[in-house]
Asker: 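Shown below is the structure under consideration.
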Amino acid sequence: MVFEFFWPRGGWGRAFHYVKHRMRRLPDTPEKIARGIFAGIVTCFTPFYGLHFFTAALIAFVVRGNILAAILATFVGNPLTYVPIALLSVQVGLFLTGRHPDEAGNGENFAQKFFYAANDLRENVVALFTDMDANWTSLRIFYHDIFYPYMIGGIIPGVLFGLVAYYVSVPVIRAYQARRRGALKAKLAAIRAKAEVAKRAKAEKAEQAKETRT
């Protein structure tokens, strides 16, 4: 199960094509679907892990995008992309807040701060039910050096990548929907033609039977 989280059954390529297929078949305008994609990609650049579906749906609602498209677009954020997205967002956030990356935290690296913060959180939960004293030091460092810069710094790259996705998606979705409508019309026309042929054959057969009786 853990392995499948990082490498789904059939591979990420198959998963990507499945999401793309579902996205193109959504019953909505290309612009609204693309706004949903924008919302989903912006969400991937936020540090609200575990709340990405809710965040994407909220942003899609605000920009009047397709909510299902927004949720599907959060697929961009996956175990293969979270690390570069997080590193980029944190670096941009540190720059925007006027801090040099070397100033961020007591010689601890990115992964260590996550680990120590998670350990503090676990121990503080245990402290609620025991005589242990709560210690928020690592969580404060994590918030100051990672979470806050991530939250601020993810806005710019998130919006930029979201806009690129929007302008790429609109013509692609429009072309796909037009081709699909054409295919459906051709299929409907073929069904009608087949029904008409059957109707004529039935009428001719009835006429021949009538002539035979007379």
Side-chain angles (χ1 to χ4, degrees), residues 1-8 12 15-16 19 36-63 65 67 69-166:
M1 293 295 294
V2 174
F3 177 77
E4 287 185 10
F5 176 74
F6 290 95
W7 193 266
W12 283 108
F16 170 77
V19 172
I37 295 172
F38 167 85
I41 291 180
V42 169
T43 298
C44 293
F45 284 82
T46 67
F48 307 124
Y49 297 116
L51 297 173
H52 275 183
F53 283 179
F54 175 78
T55 305
L58 180 61
I59 296 174
F61 176 78
V62 171
V63 300
I67 292 177
I71 292 173
L72 288 171
T74 60
F75 169 82
V76 171
N78 58 70
L80 300 179
T81 61
Y82 277 141
V83 171
I85 286 174
L87 289 174
L88 173 62
S89 299
V90 170
Q91 294 302 314
V92 173
L94 291 173
F95 173 79
L96 292 177
T97 55
R99 300 173 61 196
H100 191 274
D102 293 338
E103 299 174 11
N106 305 330
E108 297 169 0
N109 62 35
F110 193 85
Q112 285 175 321
K113 289 171 188 173
F114 267 101
F115 175 79
Y116 292 143
N119 190 57
D120 259 13
L121 184 61
R122 180 184 61 80
E123 291 182 354
N124 289 344
V125 171
V126 173
L128 293 174
F129 306 98
T130 65
D131 295 331
M132 289 176 58
D133 294 327
N135 185 349
W136 302 94
T137 303
S138 294
L139 283 168
R140 281 196 295 269
I141 292 174
F142 175 79
Y143 175 82
H144 184 67
D145 293 346
I146 302 294
F147 186 86
Y148 182 71
Y150 193 158
M151 183 171 60
I152 299 299
I155 295 173
I156 293 176
V159 170
L160 288 176
F161 280 100
L163 287 173
V164 169
Y166 173 84

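Quick caveat: nothing in here was measured; it's all calculated off a predicted structure.
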Asker: Run the side-chain contact (heavy atoms from CB on, under 4.5 Å) test on Leu96 and Ile155 for me, step by step, so that the C-alpha distance in whole Å, both residues' side-chain angles and the decisive distance to 0.1 Å come before the verdict.
Answerer: CA-CA 11 Å; Leu96 292 177; Ile155 295 173; over 6 Å; no
Asker: Could you pull out the closest heavy-atom pair between His52 and Thr74, with the gap in Å?
Answerer: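 Heavy-atom minimum between the residues: O-CG2, 4.1 Å.
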Asker: Could you tell me which non-hydrogen atom of Gly158 sits nearest to which non-hydrogen atom of Ile41, and how far apart they are?
Answerer: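 Closest approach of Gly158 to Ile41: O-CG2, 4.3 Å.
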Asker: Within the structure provided, determine whether Val62 and Ile59 are in side-chain contact (heavy-atom separation under 4.5 Å).
Answerer: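 Heavy-atom side-chain distance check fails, nothing below 4.5 Å.
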Asker: Taking all non-hydrogen atoms of both residues into account, name the closest pair between Ala39 and Ala70 and its distance.
Answerer: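 Shortest heavy-atom contact: CB-CB, 4.0 Å.
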Asker: Count the heavy atoms of every other residue, nucleotide or ligand shown that sit under 6.0 Å from CZ of Phe54, and state whether that count exceeds 12.
Answerer: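 At most 12 heavy atoms, drawn from other residues, nucleotides or ligands, come within 6.0 Å of this atom.
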Asker: Could you give the distance from CG (Leu94) to CG (Asp145), rounded to the nearest 0.5 Å?
Answerer: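 Atom-to-atom, Leu94:CG and Asp145:CG are 7.5 Å apart.
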Asker: Which heavy atom in Phe45 sits nearest to a heavy atom in Phe161, and how many Å separate them?
Answerer: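 The pair with the smallest heavy-atom distance is CZ-CD1, 3.6 Å.
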Asker: Could you give the distance from CZ (Phe53) to CG (Leu58), rounded to the nearest 0.5 Å?
Answerer: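 If I round to the nearest 0.5 Å, the distance is 15.0 Å.
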Asker: Going by side-chain contact (heavy atoms from CB on, under 4.5 Å), Val83 matches just one of Ile85, Thr81, Leu87. Which one?
Answerer: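 Of the listed residues Ile85, Thr81, Leu87, the side-chain contact (heavy atoms from CB on, under 4.5 Å) partner of Val83 is Leu87.
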Asker: Is the backbone N or O of Tyr148 less than 3.5 Å from a side-chain atom of Tyr143, with the two atoms forming a donor-acceptor pair by type?
Answerer: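 Not a single qualifying donor-acceptor pair exists.
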Asker: Using 30° and 60° as the class boundaries, would you call the ring planes of Phe142 and Phe147 parallel, tilted or perpendicular?
Answerer: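 Judged by the thresholds at 30° and 60°, the geometry between Phe142 and Phe147 is tilted.
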Asker: So which atom in Ser89 and which in Gly154 form the shortest heavy-atom distance, rounded to 0.1 Å?
Answerer: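 The pair with the smallest heavy-atom distance is OG-CA, 3.5 Å.
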Asker: For the atom pair SG (Cys44) and CZ (Phe75), what is the distance rounded to the nearest 0.5 Å?
Answerer: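 Between atom SG of Cys44 and atom CZ of Phe75 there are 10.0 Å.
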Asker: Check Phe38 against Gly162 and note the closest heavy-atom contact, atom names and distance.
Answerer: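 In this case the closest contact between Phe38 and Gly162 is CD1-C, 3.3 Å.
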